[in-house]
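Working notes for the structure below.
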Amino acid sequence: MGKHKEKSHKKDRDRHGEGSSKRKRDSSPEDEYAKMEKERLRDLKERDEFAERLKQRDQDKTKKIADKTNTKSYEEAAKRLKMEALDRDSMLPKLRIESRRQYLAKRKEEKVDELEADIRDDEYLFDEGSLTKREREEREYKKRVLHLAKEHDKARELVNIQRYHIPEGKKGEEEKYVEVDEREKVPHSEQRKWEEEQMSSAQFRFGAKDAAKKRSQEDYDMILDDEIEFIQALQKPGNLKKDDIEEISETMKKKMSIEDTKKSLPIYAFRDDLIKAIKEHQVLIIEGETGSGKTTQIPQYLHEAGFTEDKKKIGCTQPRRVAAMSVAARVAQEMGVKLGNEVGYSIRFEDCTSERTMIKYMTDGTLHREFLSEPDLQSYSVMIIDEAHERTLHTDILFGLVKDIVRFRTDLKLLISSATLDAEKFSGFFDDAPIFRIPGRRFPVDIYYTKAPEADYIDACVVSVLQIHVSQPLGDILVFLTGQDEIEACQELLTERSRRLGNKIKELLILPVYANLPSEMQAKIFEPTPPGARKVILATNIAETSLTIDNIIYVIDPGFCKQNNFNSKTGMESLVVVPISKASANQRAGRAGRVAAGKCFRLYTAWAYAHELEECTVPEIQRINLGNAVLMLKALGIRDLMNFDFLDPPPHESLVLALEQLYALGALNHEGELTKLGRRMAEFPVDPMMGKMLLASEKYKCSEEILTIAAMLSVNSSLFYRPKDKAIHADTARKNFNAQGGDHLTLLNVYNEWAQSDYSTQWCFENYIQHRSMKRARDVRDQLSGLMQRVEIKMESSPSETINVRKAITAGYFYHIARLGKGGQYKTAKHNQTVTIHPNSSLFEELPRWVLYHELVVTTKEFMRQVTEIESKWLLEVAPHYYQARELEDSTNKKMPKVVGKSKSQLAGAAGML
DNA sequence: GAGCACTGC
């Protein structure tokens with residue numbers, strides 16, 4: 001077998017060698033160059049012809065009929081709107097309870113005063129001796145009641161620390177209270193001093209130790225044993241006061257008309273000024289806090305001010321799909337039009353717009369993609385980039401693109417809407433564009449820090465939850481953790497400890513939520529809390545921006561999150577737990593002030609907040625693989641990427657890596673121009689390697705199979721469901737899908753079997769597969785299938801053929817190759833890095849000599865995920881410019897090359913052969 | 001023998 005392999009390698013090598021020597025004999029360097037140049041020009045011509053065909057086809061298709069809103073997507077959106085209305089209705093009772101509570105507290109205060117006065121008067125007026133027995137008893141009773149009431153208050157005072165408001169400074173300077181001398185930053189003694197200073201102004205022992213002990217000492221001993229000391233350091237001021245709660249619930253009771261609601265929004269007062277500012281300036285930064293109504297109102301104001309005349313649209317981008325849909329639905333309702341007609345939205349898999357659409361909401365990624373067919377945004381009169389402070393990859397790239405466009409499209413208005421922190425920065429980027437400030441609407445949140453750092457924050461979370469539960473008024477708790485493990489661990493601990501306390505404490509509902517949790521379990525967090533009980537929601541970052549949960553009064557923030565980082569030197573991704581940024585911490589705190597005044601408990605010290613947390617999270621563009629983004633920019637005709645106007649430029653290595661990879665894949669020619677292949681690849685919303693794989697499937701006549709594999713690889717790895725109690729069953733179910741050849745073919749198996757079951761939910765359930773992921777794979781597959789036709793590729797299938805399928809995969813992923821070395825370890829072909837097959841792979845125990853992997857992820861080790869066995873000779877077939885025969889010799893061969901992989905110069909030289 | 005935060009096209 002080994003011999004045979006060696007022989008075939010030799011043949012390959014010879015053939016290859018022969019080919020190149022023949023070329024050398026036949027042509028002089030000049031001829032070679034001329035040929036290359038001719039080839040390049042021919043390719044460019046073909047590319048432009050292809051682009052022209054695309055444009056033509058797009059124009060023919062644009063005729064959309066307004067009727068198409070009678071589709072599933074419209075119903076979906078309508079349903080969502082209805083749900084939103086229900087939410088609002090369900091909020092009413094809560095608001096009522098809150099105002100009732102406040103009313104009662106006030107009433108109690110009055111009654112106590114009354115009682116006190118009563119007794120005083122009574123004692124003053126009547127001497128003890130002159131009273132009857134009944135009168136004496138009554139006076140005693142009154143005194144006892146008063147004493148109890150006062151004791152009760154005293155106990156509460158220890159809990160409700162004296163709040164103080166930070167003096168109203170300039171906006172955006174809430175945090176400036178930290179006035180530590182620069183010189184004092186370093187030593188720990190100064191830190192302690194500072195902490196103490198902060199403490200002297202406001203301190204309390206969380207859990208009201210004394211009071212609680214008086215109430216029922218033995219009950220809480222268990223909890224108080226390890227109580228955490230918190231210090232209140234500041235209040236994140238809201239602009240709603242307590243009385244406003246009553247006001248809102250009153251007005252809401254009246255069932256505000258749409259017009260009234262619009263007028264009640266903070267932005268309403270700024271309407272005319274805003275329109276004026278937009279007319280005067282081409283670019284405007286809108287600094288709007290949450291709840292100002294900017295997202296729904298500004299497009300309507302602009303529409304009313306005539307910005308939709310001349311058949312031009314107003315566009316507004318959102319970072320999330322749900323936001324784009326629900327905001328569009330809301331605006332359609334406010335304007336009294338049918339969603340999809342005058343007001344519409346466009347997101348991946350769903351285009352709910354027509355040619356009548358004047359206000360169009362979309363995700364930032366959709367606009368990014370729209371640039372390919374309309375690079376000058378000709379059909380828009382205004383473009384609003386909302387939530388710009390979130391700094392998604394797409395908004396960051398859009399900044400550079402729109403900044404360029406406004407230079408020559410002087411009629412285009414540009415609005416960048418952002419939270420407070422970044423407004424100045426955006427203004428600076430857009431040539432000192434003016435900033436327009438709109439206040440928001442939110443409740444104050446008291447912020448507490450721990451006195452000392454907490455070593456075990458999971459345990460600290462559990463203790464804090466119990467402390468809040470026994471000592472604080474009702475209201476749900478939201479805990480931010482980093483991932484599924486932590487959530488499960490915390491859930492276990494909390495359940496156990498609250499069970500031990502039994503009925504000494506009120507009911508505590510513990511609910512986890514993270515993205516990979518099945519949707520029906522996620523839905524539980526939205527169910528109303530039973531009376532007298534308290535909900536604790538253990539969430540990942542999903543609750544920071546994506547989900548809003550009502551009735552949260554308390555937030556516990558350990559100060560960490562998981563972040564994906566891409567190392568552009570090694571091409572490896574790693575998911576690591578990192579401290580959050582200040583911006584993130586404040587976003588989390590804000591989650592406590594949505595329905596009433598709230599409290600946020602930070603499990604780190606105030607000093608750590610002030611000195612150890614970064615201001616803002618590193619923008620996505622500096623942390624991820626830019627392959628697809630660079631390809632898009634190239635397709636948009638941006639030649640000089642190194643000098644592209646980024647708000648925050650990505651690391652130089654990231655760009656270089658992306659360009660090199662595109663070049664090796666054949667998407668760019670040696671001049672750095674986009675090739676026809678590259679132009680076709682850019683049409684796919686996938687990583688360039690996957691794009692290349694899809695296009696290569698044409699040659700290997702297996703586009704159907706490759707399409708499925710691409711779709712399955714696109715769903716994140718939450719495909720297999722593995723509940724702890726049924727882990728063995730889940731593992732066997734999984735192994736049943738294993739295919740000869742590796743994980744890519746296993747994924748193909750899974751999809752095909754699911755398709756055969758007629759896309760059954762039951763089938764997924766029986767096989768421990770997440771139905772949601774499969775549905776997504778189907779959506780992706782449908783979309784990619786449409787794009788295959790768009791780039792003129794025939795759909796073909798070769799069901800019994802796995803070699804061709806694997807060759808097509810290799811044609812895209814020849815960058816991702818590893819070989820088994822002598823020591824039984826895999827080394828990557830490119831960087832000679834030691835890597836390991838992931839234990840979940842079907843090849844985990846097989847260890848083939850040559851493998852291709854879909855991705856490399858660092859966790860406890862450098863793991864290859866989604867691995868497929870290949871033959872090294874395929875590499876010469878699919879990427880002869882990238883691999884040389886001698887590199888691919890068997891590692892058992894004595895003539896094993898010392899250097900594996902290539903230097904840049906070799907690569908550039910190899911390009912000549914293209 | 002590990003264990004995947006969150007979006008988006």
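Residue numbers begin at 1 in each chain, while the letters A, B, ... track the order of the sequences.
The side chain of T545(A) contributes no N or O atom lying less than 4.0 Å from OP1 or OP2 of dC6(B). Close to dG8(B), at under 4.0 Å from its OP1 or OP2, lies no side-chain N or O of T363(A). Residue R369(A) has no polar side-chain atom (N or O) positioned under 4.0 Å from OP1 or OP2 of dG8(B).
When the nucleotides dC6(B), dC9(B), dG1(B) are ranked by their closest atom to the side chain of A515(A), dC6(B) comes out on top. Minimum atom distance to the side chain of K562(A) is reached by dC4(B), of the listed dC4(B), dC9(B), dA2(B). Set against dC4(B), dC9(B), dC6(B), the side chain of Y514(A) has dC6(B) as its closest nucleotide. The side chain of F863(A) lies closest to dA2(B), out of dG1(B), dC9(B), dA2(B). If you check dG1(B), dC6(B), dC9(B) against the side chain of T366(A), the one that comes closest is dC9(B).
Remark on DNA chain B: of its neighbouring residues L575(A) and F684(A), the 5'-side contact belongs to L575(A), judged by nearest-heavy-atom nucleotide. Closest-nucleotide positions on DNA chain B for V686(A) and V513(A) were compared, and the one nearer the 5' end corresponds to V513(A).
Straight-line distance from the CD atom of E846(A) to the C1' atom of dG1(B): 16 Å, rounded to whole Å. Going from atom CE of M632(A) over to atom C1' of dC9(B) covers 8 Å, rounded to whole Å. A straight line from CG of D782(A) to P of dC9(B) spans 16 Å, rounded to a whole angstrom. Remark: P of dT7(B) and CD of E390(A) are 11 Å apart, rounded to the nearest angstrom. Look at OH on Y826(A): it is 15 Å from C1' on dG1(B), rounded to the nearest Å. Between the P atom of dG1(B) and the CD1 atom of I837(A) lies a distance of 13 Å, rounded to the nearest Å. Straight-line distance from the CD atom of E488(A) to the P atom of dC4(B): 12 Å, rounded to whole Å. Rounded to whole Å, atom P of dA5(B) lies 18 Å from atom CD1 of I624(A).
Nucleic acid contact class of F349(A) (heavy atoms, under 4.0 Å, all strands): none. Counting any heavy atom pair closer than 4.0 Å across all strands shown, N541(A) reaches no nucleic acid atom. T392(A) comes within contact range of no nucleotide atom at all, as no heavy-atom separation falls under 4.0 Å. Residue Q484(A) is classed as a sugar-phosphate contact, given heavy-atom separations below 4.0 Å to backbone atoms only. At a threshold of 4.0 angstrom between heavy atoms, the contacts of I542(A) are confined to the sugar-phosphate backbone, with no base atom among them. Nucleic acid contact for L393(A): none, since no nucleic acid atom lies under 4.0 Å from a heavy atom of the residue. Nucleic acid contact for R320(A): sugar-phosphate only, since backbone atoms but no base atoms lie under 4.0 Å from a heavy atom of the residue.
Scanning all heavy atoms of the two residues, the minimum distance from I549(A) to R594(A) falls at O-NH1, 4.0 Å.
Identified under the salt bridge (charged side-chain N to carboxylate O under 4.0 Å, His left out) test for residues 383-396 of chain A, with sequence neighbours left out: K294(A)-D386(A), R320(A)-E390(A), R391(A)-D396(A), R391(A)-D648(A).
Every residue two or more places apart in sequence or in another chain that forms a side chain to side chain donor-acceptor pair (under 3.5 Å) with T482(A) is listed here: E486(A).
Taking OG1 of T366(A) as the reference point, atom CD of E350(A) lies at 10.5 Å (rounded to 0.5 Å). To the nearest 0.5 angstrom, T868(A) atom OG1 is 6.5 Å from L843(A) atom CG.
Between the side chain of Y721(A) and the main chain of H771(A), no donor-acceptor pair closer than 3.5 Å is present.
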